[in-house]
Amino acid sequence: METVTADERVLSLGLSNAELSQIELVNGIATVPISMIQNLFSPFEYDKEVYKYCQENKLHFMGFGISGDYHVKSGEYSENPLTSHPLIRELAEVYDTSPYAILYNWAAQKRVMVISRSTQLQHMKENLEYRDVYLNPDHIRQIDDLYVPEEHDMD
């Protein structure tokens, strides 16, 4: 992959679904440094070590799974446990927006690039509502406190 950066066809390199040991290994041998990590990132579960490493080393962190829709698509839940969570619903009412906008804004305020997946124009528009919301620090902390991966058994 590093060879394609030489002729500027590719401007930067990254890793996806990477653990901290893998990132450190690549950084230790790469001649072209990685600039982005794409990993699962949701209030219920994310790799805090990788997230912290990215923040400390100025790597972009791109999150997927932020909205929790993958729980329903995988058959794990019949209802999205994030968008139906009482706190997320309450905050959506407080900010007069959708649960998705709350979740995307939480991620964006944590300096995570948001990936939203939709094929429907109306959903795409709704997904962009997060830019119109600014969660106060107490609400960010409340969402952060949802982090209990053992409880949600997301492996």
Side-chain angles (χ1 to χ4, degrees), residues 1 10-27 30 32-74 76-77 79-120 123-155:
M1 287 299 298
V10 174
L11 300 178
S12 61
L13 299 175
L15 299 174
S16 181
N17 297 320
E19 296 176 4
L20 183 57
S21 61
Q22 296 167 320
I23 298 166
E24 291 174 331
L25 175 67
V26 170
N27 273 342
V32 176
I34 58 173
S35 63
M36 179 178 293
I37 303 298
Q38 178 188 13
N39 275 9
L40 175 66
F41 192 83
S42 91
F44 288 170
E45 178 186 40
Y46 61 96
D47 189 326
K48 287 188 173 193
E49 287 184 334
V50 169
Y51 172 75
K52 182 180 176 187
Y53 180 88
C54 289
Q55 299 301 308
E56 290 173 349
N57 292 279
K58 297 185 177 23
L59 297 177
H60 297 286
F61 190 103
M62 181 179 286
F64 64 85
I66 295 166
S67 68
D69 286 338
Y70 63 94
H71 292 295
V72 177
K73 289 182 174 104
S74 73
E76 183 181 3
Y77 290 91
E79 184 178 28
N80 183 323
L82 284 169
T83 58
S84 64
H85 192 282
L87 172 65
I88 303 303
R89 289 230 175 256
E90 178 185 329
L91 292 176
E93 287 183 29
V94 167
Y95 288 94
D96 192 29
T97 192
S98 72
Y100 291 97
I102 296 297
L103 293 164
Y104 293 149
N105 188 276
W106 166 79
Q109 283 186 237
K110 293 179 76 64
R111 299 182 57 215
V112 172
M113 297 171 67
V114 174
I115 300 174
S116 67
R117 179 177 178 260
S118 181
T119 56
Q120 298 179 3
H123 287 160
M124 291 178 199
K125 288 177 182 177
E126 289 171 0
N127 289 344
L128 293 175
E129 286 179 11
Y130 83 89
R131 300 176 304 176
D132 300 328
V133 175
Y134 188 81
L135 300 172
N136 75 45
D138 286 337
H139 292 153
I140 295 287
R141 278 190 290 280
Q142 287 177 333
I143 296 171
D144 286 343
D145 288 344
L146 296 178
Y147 180 85
V148 266
E150 306 81 32
E151 180 178 310
H152 300 284
D153 191 26
M154 299 173 71
D155 289 331

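Values below: all heavy atoms of this structure, side chains included; hydrogens, waters and symmetry mates excluded.
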Could you tell me which non-hydrogen atom of Leu135 sits nearest to which non-hydrogen atom of Ile143, and how far apart they are?
-> CD1-CD1, 3.9 Å
Of all residues at least two apart in sequence or in a different chain, which pass the side chain to side chain donor-acceptor pair (under 3.5 Å) check with Asn57?
-> none
Are the side chains of Asn27 and Tyr53 in touch, meaning some heavy atoms are under 4.5 Å apart?
-> yes
Only counting residues at least two apart or in another chain, list the ones meeting side chain to side chain contact (heavy atoms under 4.5 Å, CB included) with Asp47.
-> Glu49, Val50
Contacts satisfying salt bridge (charged side-chain N to carboxylate O under 4.0 Å, His left out) that involve residues 55-68 (not counting sequence neighbours) are Lys52-Glu56
Among pairs that include at least one residue of residues 82-91, which meet salt bridge (charged side-chain N to carboxylate O under 4.0 Å, His left out), considering only residues two or more places apart or in two chains?
-> none
Min side-chain heavy-atom separation Ser67-Leu82 under 4.5 Å = no
For residues 135-144, pull every pair meeting salt bridge (charged side-chain N to carboxylate O under 4.0 Å, His left out), keeping only residues two or more places apart or in separate chains.
-> Lys110-Asp144, Asp138-Arg141
Intermediate values then yes/no, side-chain contact (heavy atoms from CB on, under 4.5 Å), Ile66 and Tyr130 | CA-CA 12 Å; Ile66 295 166; Tyr130 83 89; over 6 Å; no
Phe41: what forms a ring-ring contact (aromatic ring centres under 6.0 Å, His included) with it, not counting sequence neighbours?
-> Tyr46, Tyr51, Phe61, Trp106
Between Val114 and Ala108, which heavy-atom pair has the shortest distance, and what is it?
-> CG2-N, 4.2 Å
Heavy atoms, side chains only, cut-off 4.5 Å: are Gln109 and Tyr134 in contact?
-> yes
Taking Asn17 for the side chain and Asn39 for the main chain, is one N or O donor matched with an acceptor at less than 3.5 Å?
-> no
Please tell me if the side chains of Leu15 and Val26 come closer than 4.5 Å, counting only heavy atoms from C-beta onward.
-> yes
Rounded to the nearest 0.5 Å, what separation is found between the NE2 atom of His85 and the OG1 atom of Thr83?
-> 11.0 Å
